[in-house]
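Take a look at the structure set out below.
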Amino acid sequence: MTIPPTRAEQQAALDAAYRHCAAIAARHGKSYHLATRLLTADRRPAVHALYAAARTADDLVDVPGADPAGDLGDWSRAVLAELDAGWSDDPVRLALVHTYRRYAIPVEHLVDFLAAMSSDLEVTGYADLAALDRYMWGSAAVIGLQVLPVLGTAPGVAREEAAPHAIALGEAFQLTNFLRDVGEDADRGRVYLPADLMAAHGVTREQLGARRHSPGFQDLMREMVAVTRRRYDDAAPGTPMLAKESRDCVRAATALYGGILTEIERADHRVLDRRVRVSRPRRLAVFARRLTAAQLARVGRDRLSTPAPGPAG
(Lines give C-alpha, C1' and ligand atoms only; values in the text may rest on other atoms or scores of the structure.)
Protein backbone atom coordinates (compact mmCIF):
# COMPACT_ATOMS: atom_id res chain seq x y z
CA MET A 1 0.00 0.00 0.00
CA THR A 2 1.51 3.30 -1.12
CA ILE A 3 -0.12 6.49 0.14
CA PRO A 4 0.61 9.44 -2.20
CA PRO A 5 2.93 11.89 -0.42
CA THR A 6 0.95 15.09 -0.98
CA ARG A 7 -2.61 16.00 -0.14
CA ALA A 8 -3.23 17.00 -3.75
CA GLU A 9 -2.08 13.61 -5.02
CA GLN A 10 -4.23 11.84 -2.42
CA GLN A 11 -7.26 13.85 -3.51
CA ALA A 12 -6.58 13.10 -7.18
CA ALA A 13 -6.39 9.36 -6.42
CA LEU A 14 -9.59 9.56 -4.38
CA ASP A 15 -11.45 11.45 -7.12
CA ALA A 16 -10.35 8.84 -9.67
CA ALA A 17 -11.50 6.04 -7.34
CA TYR A 18 -14.96 7.53 -6.99
CA ARG A 19 -15.22 7.99 -10.77
CA HIS A 20 -14.28 4.34 -11.19
CA CYS A 21 -17.07 3.33 -8.79
CA ALA A 22 -19.59 5.53 -10.59
CA ALA A 23 -18.70 3.78 -13.86
CA ILE A 24 -19.30 0.38 -12.26
CA ALA A 25 -22.70 1.53 -10.97
CA ALA A 26 -23.66 2.94 -14.38
CA ARG A 27 -22.63 -0.24 -16.17
CA HIS A 28 -24.19 -2.83 -13.87
CA GLY A 29 -27.03 -1.14 -11.99
CA LYS A 30 -28.98 0.97 -14.47
CA SER A 31 -32.06 1.54 -12.30
CA TYR A 32 -29.94 2.05 -9.20
CA HIS A 33 -27.57 4.46 -10.93
CA LEU A 34 -30.45 6.47 -12.39
CA ALA A 35 -31.97 6.88 -8.92
CA THR A 36 -28.65 8.07 -7.48
CA ARG A 37 -28.66 10.99 -9.91
CA LEU A 38 -31.40 12.45 -7.73
CA LEU A 39 -29.03 12.68 -4.76
CA THR A 40 -27.04 15.76 -3.90
CA ALA A 41 -23.56 15.80 -5.40
CA ASP A 42 -21.90 15.38 -2.00
CA ARG A 43 -23.80 12.15 -1.22
CA ARG A 44 -23.74 10.49 -4.65
CA PRO A 45 -20.09 9.30 -4.74
CA ALA A 46 -20.41 7.46 -1.42
CA VAL A 47 -23.46 5.53 -2.63
CA HIS A 48 -21.57 4.63 -5.81
CA ALA A 49 -18.67 3.38 -3.68
CA LEU A 50 -20.94 1.16 -1.58
CA TYR A 51 -22.54 -0.26 -4.72
CA ALA A 52 -19.23 -0.90 -6.47
CA ALA A 53 -17.74 -2.65 -3.45
CA ALA A 54 -20.78 -4.90 -3.07
CA ARG A 55 -20.74 -5.64 -6.79
CA THR A 56 -17.02 -6.43 -6.79
CA ALA A 57 -17.28 -8.87 -3.88
CA ASP A 58 -20.41 -10.44 -5.37
CA ASP A 59 -18.67 -10.93 -8.73
CA LEU A 60 -15.82 -12.78 -7.03
CA VAL A 61 -18.50 -15.34 -6.10
CA ASP A 62 -20.85 -15.19 -9.11
CA VAL A 63 -18.20 -14.81 -11.84
CA PRO A 64 -15.46 -16.79 -10.13
CA GLY A 65 -11.88 -17.34 -11.11
CA ALA A 66 -9.96 -20.54 -10.44
CA ASP A 67 -10.07 -20.01 -6.65
CA PRO A 68 -13.19 -18.02 -5.67
CA ALA A 69 -12.84 -18.73 -1.95
CA GLY A 70 -9.21 -17.61 -2.01
CA ASP A 71 -10.00 -14.53 -4.11
CA LEU A 72 -12.84 -13.46 -1.82
CA GLY A 73 -10.73 -14.16 1.26
CA ASP A 74 -7.84 -12.08 -0.09
CA TRP A 75 -10.17 -9.21 -1.02
CA SER A 76 -11.87 -9.33 2.39
CA ARG A 77 -8.64 -9.35 4.38
CA ALA A 78 -7.27 -6.51 2.27
CA VAL A 79 -10.27 -4.21 2.68
CA LEU A 80 -10.51 -4.77 6.45
CA ALA A 81 -6.80 -3.99 6.86
CA GLU A 82 -7.16 -0.92 4.64
CA LEU A 83 -10.05 0.36 6.73
CA ASP A 84 -7.64 0.50 9.66
CA ALA A 85 -4.89 2.10 7.57
CA GLY A 86 -7.19 4.62 5.88
CA TRP A 87 -5.89 3.97 2.37
CA SER A 88 -5.91 1.43 -0.47
CA ASP A 89 -4.18 1.12 -3.83
CA ASP A 90 -7.33 -0.49 -5.24
CA PRO A 91 -9.82 2.13 -6.51
CA VAL A 92 -12.98 0.38 -5.32
CA ARG A 93 -11.57 -0.34 -1.90
CA LEU A 94 -10.12 3.17 -1.62
CA ALA A 95 -13.54 4.74 -2.24
CA LEU A 96 -15.11 2.30 0.20
CA VAL A 97 -12.52 3.03 2.91
CA HIS A 98 -13.04 6.78 2.48
CA THR A 99 -16.84 6.40 2.59
CA TYR A 100 -16.78 4.20 5.70
CA ARG A 101 -14.49 6.58 7.55
CA ARG A 102 -16.26 9.76 6.40
CA TYR A 103 -19.70 8.55 7.50
CA ALA A 104 -18.54 6.50 10.53
CA ILE A 105 -20.23 3.37 9.18
CA PRO A 106 -19.73 0.46 11.61
CA VAL A 107 -17.20 -2.04 10.26
CA GLU A 108 -19.48 -4.84 11.47
CA HIS A 109 -21.75 -4.15 8.49
CA LEU A 110 -18.91 -4.89 6.09
CA VAL A 111 -17.89 -8.00 8.04
CA ASP A 112 -21.46 -9.33 7.91
CA PHE A 113 -21.73 -8.61 4.18
CA LEU A 114 -18.47 -10.43 3.43
CA ALA A 115 -19.64 -13.39 5.52
CA ALA A 116 -22.82 -13.61 3.43
CA MET A 117 -20.79 -13.56 0.23
CA SER A 118 -18.59 -16.33 1.61
CA SER A 119 -21.63 -18.43 2.46
CA ASP A 120 -22.69 -18.32 -1.20
CA LEU A 121 -19.67 -20.51 -1.95
CA GLU A 122 -21.06 -23.26 0.28
CA VAL A 123 -24.81 -22.80 0.84
CA THR A 124 -27.00 -23.53 -2.17
CA GLY A 125 -30.51 -23.29 -0.72
CA TYR A 126 -32.66 -22.18 2.23
CA ALA A 127 -35.18 -24.30 4.10
CA ASP A 128 -37.72 -21.55 4.71
CA LEU A 129 -38.21 -17.80 4.70
CA ALA A 130 -36.66 -17.47 8.17
CA ALA A 131 -33.44 -19.08 6.89
CA LEU A 132 -33.47 -16.82 3.85
CA ASP A 133 -33.93 -13.81 6.14
CA ARG A 134 -30.86 -14.83 8.12
CA TYR A 135 -28.83 -14.89 4.91
CA MET A 136 -30.28 -11.54 3.85
CA TRP A 137 -29.07 -9.89 7.04
CA GLY A 138 -25.60 -9.89 5.51
CA SER A 139 -26.50 -9.68 1.83
CA ALA A 140 -29.19 -6.99 2.04
CA ALA A 141 -30.09 -5.61 5.48
CA VAL A 142 -26.60 -4.31 6.19
CA ILE A 143 -26.57 -2.66 2.76
CA GLY A 144 -29.52 -0.56 3.89
CA LEU A 145 -27.70 0.22 7.13
CA GLN A 146 -24.55 1.25 5.22
CA VAL A 147 -26.47 3.63 2.98
CA LEU A 148 -28.53 5.19 5.76
CA PRO A 149 -25.74 7.42 7.18
CA VAL A 150 -25.00 8.69 3.68
CA LEU A 151 -28.62 9.62 3.01
CA GLY A 152 -28.99 11.23 6.41
CA THR A 153 -32.09 11.59 8.53
CA ALA A 154 -34.53 14.45 8.99
CA PRO A 155 -34.08 16.86 11.91
CA GLY A 156 -35.15 15.18 15.12
CA VAL A 157 -35.04 11.65 13.67
CA ALA A 158 -32.42 9.36 15.18
CA ARG A 159 -30.65 6.97 12.83
CA GLU A 160 -31.81 4.07 15.04
CA GLU A 161 -35.44 5.06 14.40
CA ALA A 162 -35.01 4.86 10.62
CA ALA A 163 -32.84 1.72 10.67
CA PRO A 164 -35.63 -0.94 10.65
CA HIS A 165 -37.09 0.63 7.53
CA ALA A 166 -33.69 0.78 5.83
CA ILE A 167 -33.30 -2.92 6.62
CA ALA A 168 -36.72 -3.71 5.14
CA LEU A 169 -35.93 -1.79 1.96
CA GLY A 170 -32.63 -3.60 1.51
CA GLU A 171 -34.45 -6.90 1.89
CA ALA A 172 -37.20 -5.83 -0.52
CA PHE A 173 -34.63 -4.97 -3.19
CA GLN A 174 -32.81 -8.27 -2.60
CA LEU A 175 -36.00 -10.33 -2.81
CA THR A 176 -36.92 -8.53 -6.02
CA ASN A 177 -33.56 -9.51 -7.50
CA PHE A 178 -34.05 -13.11 -6.35
CA LEU A 179 -37.42 -13.34 -8.11
CA ARG A 180 -36.11 -11.76 -11.31
CA ASP A 181 -32.98 -13.94 -11.39
CA VAL A 182 -34.36 -17.38 -10.45
CA GLY A 183 -33.07 -19.00 -13.65
CA GLU A 184 -29.65 -17.35 -13.55
CA ASP A 185 -29.15 -18.31 -9.92
CA ALA A 186 -30.19 -21.91 -10.66
CA ASP A 187 -27.54 -22.01 -13.39
CA ARG A 188 -24.99 -21.22 -10.64
CA GLY A 189 -26.39 -24.01 -8.48
CA ARG A 190 -28.13 -21.68 -6.03
CA VAL A 191 -31.81 -21.29 -5.14
CA TYR A 192 -33.03 -18.28 -3.16
CA LEU A 193 -36.65 -19.47 -2.93
CA PRO A 194 -37.71 -21.09 0.38
CA ALA A 195 -37.60 -24.87 0.01
CA ASP A 196 -40.77 -25.40 2.04
CA LEU A 197 -42.76 -23.11 -0.27
CA MET A 198 -41.26 -24.80 -3.32
CA ALA A 199 -42.36 -28.19 -1.99
CA ALA A 200 -45.84 -26.89 -1.17
CA HIS A 201 -46.24 -25.82 -4.82
CA GLY A 202 -44.61 -28.91 -6.29
CA VAL A 203 -41.57 -27.04 -7.61
CA THR A 204 -38.17 -28.78 -7.66
CA ARG A 205 -34.60 -27.57 -8.03
CA GLU A 206 -34.34 -29.72 -11.15
CA GLN A 207 -37.26 -27.83 -12.66
CA LEU A 208 -35.59 -24.51 -11.98
CA GLY A 209 -32.33 -25.77 -13.49
CA ALA A 210 -34.19 -26.90 -16.60
CA ARG A 211 -35.95 -23.50 -16.77
CA ARG A 212 -39.32 -25.28 -16.95
CA HIS A 213 -42.40 -23.18 -16.17
CA SER A 214 -45.47 -24.74 -14.52
CA PRO A 215 -48.71 -23.67 -12.81
CA GLY A 216 -47.09 -24.56 -9.48
CA PHE A 217 -44.12 -22.30 -10.22
CA GLN A 218 -46.51 -19.51 -11.14
CA ASP A 219 -48.29 -19.90 -7.79
CA LEU A 220 -44.97 -19.96 -5.95
CA MET A 221 -43.90 -16.74 -7.65
CA ARG A 222 -47.25 -15.14 -6.89
CA GLU A 223 -46.78 -15.93 -3.20
CA MET A 224 -43.20 -14.62 -3.18
CA VAL A 225 -44.22 -11.40 -4.96
CA ALA A 226 -46.72 -10.83 -2.13
CA VAL A 227 -43.99 -11.47 0.47
CA THR A 228 -41.72 -8.97 -1.26
CA ARG A 229 -44.42 -6.32 -1.49
CA ARG A 230 -44.94 -6.58 2.26
CA ARG A 231 -41.25 -5.74 2.72
CA TYR A 232 -41.72 -2.63 0.59
CA ASP A 233 -44.70 -1.75 2.80
CA ASP A 234 -42.54 -2.19 5.91
CA ALA A 235 -39.91 0.11 4.38
CA ALA A 236 -42.29 2.89 3.30
CA PRO A 237 -42.58 4.74 6.66
CA GLY A 238 -38.82 5.23 6.62
CA THR A 239 -38.71 7.52 3.61
CA PRO A 240 -40.14 10.59 5.39
CA MET A 241 -37.56 9.99 8.13
CA LEU A 242 -34.71 10.67 5.70
CA ALA A 243 -33.11 14.02 4.98
CA LYS A 244 -35.51 15.80 2.66
CA GLU A 245 -33.03 16.02 -0.22
CA SER A 246 -32.48 12.21 -0.14
CA ARG A 247 -36.10 11.11 -0.23
CA ASP A 248 -36.68 11.33 -3.96
CA CYS A 249 -33.73 9.05 -4.69
CA VAL A 250 -35.27 6.40 -2.42
CA ARG A 251 -38.72 6.95 -3.89
CA ALA A 252 -37.34 6.53 -7.41
CA ALA A 253 -35.38 3.41 -6.50
CA THR A 254 -38.45 1.95 -4.82
CA ALA A 255 -40.61 2.67 -7.86
CA LEU A 256 -38.04 1.19 -10.25
CA TYR A 257 -37.37 -1.97 -8.25
CA GLY A 258 -41.02 -2.34 -7.33
CA GLY A 259 -41.74 -2.00 -11.04
CA ILE A 260 -39.83 -5.26 -11.60
CA LEU A 261 -42.51 -7.04 -9.57
CA THR A 262 -45.17 -5.52 -11.79
CA GLU A 263 -43.29 -6.68 -14.88
CA ILE A 264 -43.03 -10.19 -13.41
CA GLU A 265 -46.81 -10.22 -13.03
CA ARG A 266 -47.31 -8.90 -16.56
CA ALA A 267 -45.10 -11.73 -17.82
CA ASP A 268 -47.43 -14.20 -16.07
CA HIS A 269 -44.55 -14.95 -13.68
CA ARG A 270 -42.49 -16.49 -16.49
CA VAL A 271 -39.02 -15.57 -15.30
CA LEU A 272 -37.31 -18.87 -16.09
CA ASP A 273 -37.18 -18.42 -19.86
CA ARG A 274 -36.70 -14.65 -20.04
CA ARG A 275 -35.19 -11.75 -18.10
CA VAL A 276 -37.90 -9.42 -16.89
CA ARG A 277 -36.89 -5.76 -16.73
CA VAL A 278 -38.36 -2.28 -16.48
CA SER A 279 -38.17 -0.62 -19.89
CA ARG A 280 -35.90 2.35 -20.46
CA PRO A 281 -38.85 4.72 -21.18
CA ARG A 282 -40.42 3.63 -17.90
CA ARG A 283 -37.15 4.19 -16.01
CA LEU A 284 -36.80 7.66 -17.51
CA ALA A 285 -40.42 8.49 -16.70
CA VAL A 286 -39.88 7.62 -13.04
CA PHE A 287 -36.69 9.68 -12.98
CA ALA A 288 -38.38 12.69 -14.59
CA ARG A 289 -41.30 12.54 -12.17
CA ARG A 290 -38.97 12.72 -9.17
CA LEU A 291 -36.45 15.18 -10.61
CA THR A 292 -38.40 18.39 -9.96
CA ALA A 293 -39.15 17.40 -6.37
CA ALA A 294 -35.48 16.55 -5.79
CA GLN A 295 -34.35 19.88 -7.20
CA LEU A 296 -36.80 21.76 -4.96
CA ALA A 297 -35.52 19.86 -1.93
CA ARG A 298 -31.95 20.87 -2.79
CA VAL A 299 -32.96 24.51 -3.16
CA GLY A 300 -34.61 24.35 0.25
CA ARG A 301 -31.50 22.85 1.81
CA ASP A 302 -29.25 25.47 0.20
CA ARG A 303 -31.46 28.27 1.50
CA LEU A 304 -31.33 26.90 5.02
CA SER A 305 -27.55 26.55 4.89
CA THR A 306 -26.93 30.04 3.46
CA PRO A 307 -26.07 32.52 6.24
CA ALA A 308 -28.30 35.55 6.54
CA PRO A 309 -26.59 38.77 5.45
CA GLY A 310 -24.97 40.69 8.27
CA PRO A 311 -25.88 44.23 9.22
CA ALA A 312 -24.62 46.99 7.00
CA GLY A 313 -21.79 48.85 8.56
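As the structure is a prediction and not an experimental result, all values here were calculated from the model.
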Side-chain donor or acceptor of R190 paired with backbone N/O of G125 under 3.5 Å:
no

Does E171 reach the main-chain N or O of A141 with its side chain, forming a donor-acceptor pair under 3.5 Å?
no

CD of E245 to CZ of R247: how many Å apart, nearest 0.5 Å?
8.5 Å

Is there a donor-acceptor pair under 3.5 Å between the side chain of R93 and the backbone N or O of S88?
no

Can any side-chain N or O of D89 pair as donor or acceptor with the backbone N or O of T2 at less than 3.5 Å?
yes

Where do R205 and T124 land on the side chain to side chain contact (heavy atoms under 4.5 Å, CB included) test, with the steps shown first?
CA-CA 10 Å; R205 292 178 68 102; T124 62; 3.7 Å; yes

Are any of the side-chain heavy atoms of C21 and Y51 separated by less than 4.5 Å?
no

CG of L272 to CD of Q207, rounded to nearest 0.5 Å, is 7.0 Å

Without swapping roles, check the side chain of Y103 against the backbone of Q146 for a donor-acceptor pair under 3.5 Å.
no

For residues S214 and H201, determine if any side-chain heavy atom of one lies less than 4.5 Å from a side-chain heavy atom of the other.
no

Short N-O contact, E206 and R212, less than 4.0 angstrom:
no

Do D268 side-chain atoms and R270 backbone N/O form a donor-acceptor pair below 3.5 Å?
no

For I143 and A54, the nearest pair of non-hydrogen atoms, with its separation, is CD1-CB, 4.4 Å

May I ask you to decide if the ring planes of H48 and H33 are parallel, tilted or perpendicular, using 30° and 60° as cut-offs?
parallel

Within a strict 4.5 Å, meaning less than it, do heavy atoms of the P106 and H109 side chains meet?
yes

Contact check, side chains of R277 and I260, non-hydrogen atoms, under 4.5 Å:
no

Between H98 and Y18, is there a side-chain donor-acceptor contact under 3.5 Å, judged purely by atom types and distance?
yes

Assess whether a salt bridge exists between R222 and D219, defined as any Lys/Arg side-chain N lying under 4.0 Å from an Asp/Glu carboxylate O.
yes

Nearest 0.5 Å, please: how far is CG in L38 from SG in C249?
6.0 Å

Enter the distance from H269:NE2 to L261:CG here, rounded to the nearest 0.5 Å.
9.0 Å

Is there a side chain to side chain contact (heavy atoms under 4.5 Å, CB included) between L220 and M198? Walk through the geometry before answering.
CA-CA 7 Å; L220 170 63; M198 288 174 58; 3.7 Å; yes

For a quick test of reading the model, state the closest non-hydrogen atom pair linking R43 to L151 and the distance between them.
NE-O, 3.0 Å

So CG of L193 and CG of D128: to nearest 0.5 Å the spacing works out to 13.0 Å

Verify side chain to side chain contact (heavy atoms under 4.5 Å, CB included) between L96 and L110, making sure each step is shown before the conclusion.
CA-CA 10 Å; L96 183 69; L110 181 58; 4.2 Å; yes

For the CZ atom on R275, are there more than 12 heavy atoms of other groups (residues, nucleotides or ligands in this structure) within a distance under 6.0 Å?
yes

Test item: side-chain donor near acceptor, Y192 and N177, under 3.5 Å
no

Does the S118 side chain pair with the main chain of L114, one donor and one acceptor, at a distance under 3.5 Å?
no

Can we say D181 and R188 salt-bridge, meaning some charged N sits less than 4.0 Å from an Asp/Glu carboxylate O?
no

Looking at D273, is its backbone amide N or carbonyl O close enough to the side chain of R211 to form a donor-acceptor pair, meaning the two atoms are under 3.5 Å apart?
no

SB check D234 R229 (cutoff 4.0 Å):
no

Find the distance between CG (L148) and CG (L169) and round it off to the nearest 0.5 Å.
10.5 Å

With a 4.5 Å cut-off on side-chain heavy atoms, are T228 and F178 touching?
no

Which pair of non-hydrogen atoms, one from M221 and one from V271, has the smallest distance, and what is that distance?
CE-CG2, 3.8 Å

Which pair of non-hydrogen atoms, one from P237 and one from H165, has the smallest distance, and what is that distance?
CB-CE1, 3.7 Å

In one Ile/Leu/Val/Met/Phe/Trp/Tyr side-chain cluster, 4.5 Å: M241, V250
no

Pair E263 + R180, salt bridge at N-O below 4.0 Å
no

Nearest heavy-atom pair of S139 and A116: which atoms, and what distance?
N-CB, 3.6 Å

So which atom in G259 and which in V278 form the shortest heavy-atom distance, rounded to 0.1 Å?
C-CG2, 3.7 Å

Is there a side chain to side chain contact (heavy atoms under 4.5 Å, CB included) between I24 and H28 once you walk through the steps?
CA-CA 6 Å; I24 291 174; H28 294 291; 3.9 Å; yes

Would the distance check show the side chain of R159 and the main-chain N or O of L145 forming a donor-acceptor pair, the cut-off being under 3.5 Å?
no

Report yes if the side chains of L179 and I264 come closer than 4.5 Å at any heavy-atom pair, otherwise no.
yes

R266 versus T262: any side-chain heavy-atom pair under 4.5 Å?
yes

Going by heavy atoms in the side chains, are V182 and F217 under 4.5 Å from each other?
yes

Could you check whether T6 and E9, counting side-chain N and O atoms only, form a donor-acceptor pair closer than 3.5 Å?
yes

Could you check whether any side-chain N or O of T153 sits under 3.5 Å from a backbone N or O of V157, counting only pairs where one atom can act as donor and the other as acceptor?
yes

